[in-house]
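Owing to the predicted nature of the structure, the values given are computational and were not obtained by experimental measurement.
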Protein chains: 2
Amino acid sequence: MENIEIFKALSNKSRLQMLEWLKEPEINFPDQLQHAGFEHGVCVGQIQAKAGLTQSTVSEYLSILQRAGFIEAKRVGQWTYYKRNEGAFEALSKLIQSNL
Amino acid sequence: MENIEIFKALSNKSRLQMLEWLKEPEINFPDQLQHAGFEHGVCVGQIQAKAGLTQSTVSEYLSILQRAGFIEAKRVGQWTYYKRNEGAFEALSKLIQSNL
DNA sequence: TTGGTATATCGGGAAAAGTCGATATATTTG
DNA sequence: CAAATATATCGACTTTTCCCGATATACCAA
């Protein structure tokens, strides 16, 4: 089982918070609207500002969440936009019911 | 959110394996039958033998799983029997659907 | 009570994760 | 091309986790 990376990704308060924020981007990242809208997600800088962590830490955390499948990245120009992949949450919920 | 302890508990291969083993005690711990049956669960020694870890490590891991709610302990004489608490898995599955 | 068995707890060394600042890379703009 | 901006990666340090051996505790049996 390599689900371990999934659970590790969820074993951190800041990362859990980012996932929660990304459920409602319009509410949690209002500045993103001026920026580029929400079609592709929210860019790293917005998340960093809200998380109160350094840029490098936020970048790495987003990458951990992405590798675990919870978010998707889309590069547009100099920005990387992240948004939730709801399917991953569904899949995890089912996996816990049937495989754990 | 103090769900973090839950996810940390699941972030270890040996602990995940123990949970899996305890889904089918009769199959995974056949010696337990000679011992005391399966009503109360499986005792630490059986799990240790199968896990290939030291007694202290197994004892601690079981305690971590218990604190996270995934298993229950019952002391009978000099043995402690552990068994799954299926409700915790159900609850986690639902939590992921609605709160994550 | 003495010894034997099962489990829990304690202390520690090694590995992994958390987090930072500095630097590298990519992209846009002048 | 050079400068500016956004993000990613690197190196280091601290904290946490992993896992062990040794010791303590609980219970049982003679």
Side-chain angles (χ1 to χ4, degrees), chain A residues 1-19 22 29 31-32 34-37 40-68 70-83, chain B residues 1-19 22 29 31-32 34-37 40-68 70-83:
Chain A
M1 243 204 242
E2 219 35 62
N3 303 324
I4 290 178
E5 295 312 314
I6 290 178
F7 294 122
K8 281 186 182 174
L10 298 176
S11 295
N12 177 281
K13 202 161 198 164
S14 298
R15 288 195 296 267
L16 283 179
Q17 213 162 30
M18 291 175 190
L19 290 176
L22 288 172
F29 304 99
D31 294 355
Q32 180 71 31
Q34 319 311 329
H35 195 282
H40 302 118
V42 178
C43 66
V44 180
Q46 303 283 329
I47 298 169
Q48 188 206 337
K50 196 164 171 93
L53 295 168
T54 61
Q55 188 271 321
S56 60
T57 298
V58 171
S59 177
E60 191 188 348
Y61 280 11
L62 290 170
S63 155
I64 289 170
L65 290 172
Q66 185 196 7
R67 281 198 298 277
F70 293 117
I71 57 177
E72 298 167 344
K74 166 140 194 163
R75 181 104 201 202
V76 179
Q78 44 196 159
W79 294 276
T80 306
Y81 298 96
Y82 285 97
K83 68 174 170 189
Chain B
M1 244 204 243
E2 218 35 62
N3 304 322
I4 290 180
E5 294 311 314
I6 290 178
F7 293 122
K8 281 187 181 173
L10 298 176
S11 296
N12 177 279
K13 202 162 199 163
S14 299
R15 288 195 295 267
L16 282 179
Q17 213 162 31
M18 291 175 191
L19 290 176
L22 289 173
F29 304 99
D31 293 356
Q32 180 70 32
Q34 318 312 324
H35 196 282
H40 302 119
V42 178
C43 67
V44 180
Q46 303 284 330
I47 298 170
Q48 187 206 337
K50 195 163 173 96
L53 296 167
T54 61
Q55 188 272 320
S56 60
T57 299
V58 171
S59 176
E60 190 186 348
Y61 281 11
L62 289 170
S63 155
I64 289 170
L65 289 172
Q66 186 195 6
R67 280 198 298 276
F70 293 118
I71 58 178
E72 297 167 345
K74 165 139 194 166
R75 183 105 200 202
V76 179
Q78 42 195 161
W79 294 277
T80 306
Y81 298 96
Y82 285 97
K83 68 173 170 188

Rounded to whole Å, please give me the gap between CD1 in A:I64 and C1' in D:dT9.
13 Å
A:N12 versus B:I4, closest heavy-atom pair with distance
C-CD1, 3.9 Å
Tell me whether the side-chain N/O atoms of B:S59 come closer than 4.0 Å to OP1 or OP2 in C:dT9.
no
Closest non-hydrogen atoms of A:H40 and A:Y81, given as atom of the first, atom of the second and distance, are O-CB, 3.3 Å
Ignoring backbone atoms, test whether B:Y82 places a side-chain nitrogen or oxygen under 4.0 Å from the OP1 or OP2 oxygen of C:dA6.
no
To the nearest angstrom, the OH-P distance between A:Y81 and D:dT5 comes to 16 Å
Looking at every non-hydrogen atom in both residues, tell me the closest pair between A:L53 and A:S14 and how far apart they are.
CD1-OG, 3.7 Å
Nucleotide by nucleotide, 5' to 3', does protein get under 4.0 Å of the base (B), only the sugar-phosphate (S), or neither (-) in nucleotides 19-30 of chain D, counting heavy atoms?
BBBB----BS--
Between A:I6 and B:L10, is there a side-chain heavy-atom distance shorter than 4.5 Å?
no
Base, sugar-phosphate, or nothing: which does B:S11 touch, judged by heavy atoms less than 4.0 Å apart?
sugar-phosphate
Taken to the nearest whole Å, NZ/B:K8 to P/D:dC18 is 9 Å
Considering all heavy atoms of both residues, which atom of A:T54 and which atom of A:Q48 are nearest to each other, and what is their separation?
C-NE2, 3.8 Å
Interatomic distance, B:K74 NZ vs C:dT7 P [rounded to whole Å]
15 Å
Without decimals, in angstroms, what is the distance between B:R15 CZ and D:dT17 P?
9 Å
Whole angstrom value for the distance that separates C1' of C:dT19 from NZ of A:K13
17 Å
Donor-acceptor pair, distance only, cut-off 3.5 Å: does the side chain of B:S11 make one with the backbone of B:F7?
yes
Rounding to a whole Å, what distance do you find between B:R67:CZ and C:dT9:P?
9 Å
For A:Q46 and D:dT5, what is the distance between atoms CD and P respectively, to the nearest whole Å?
16 Å
Nearest heavy-atom contact between B:K8 and B:R15 is O-NH2, 3.1 Å
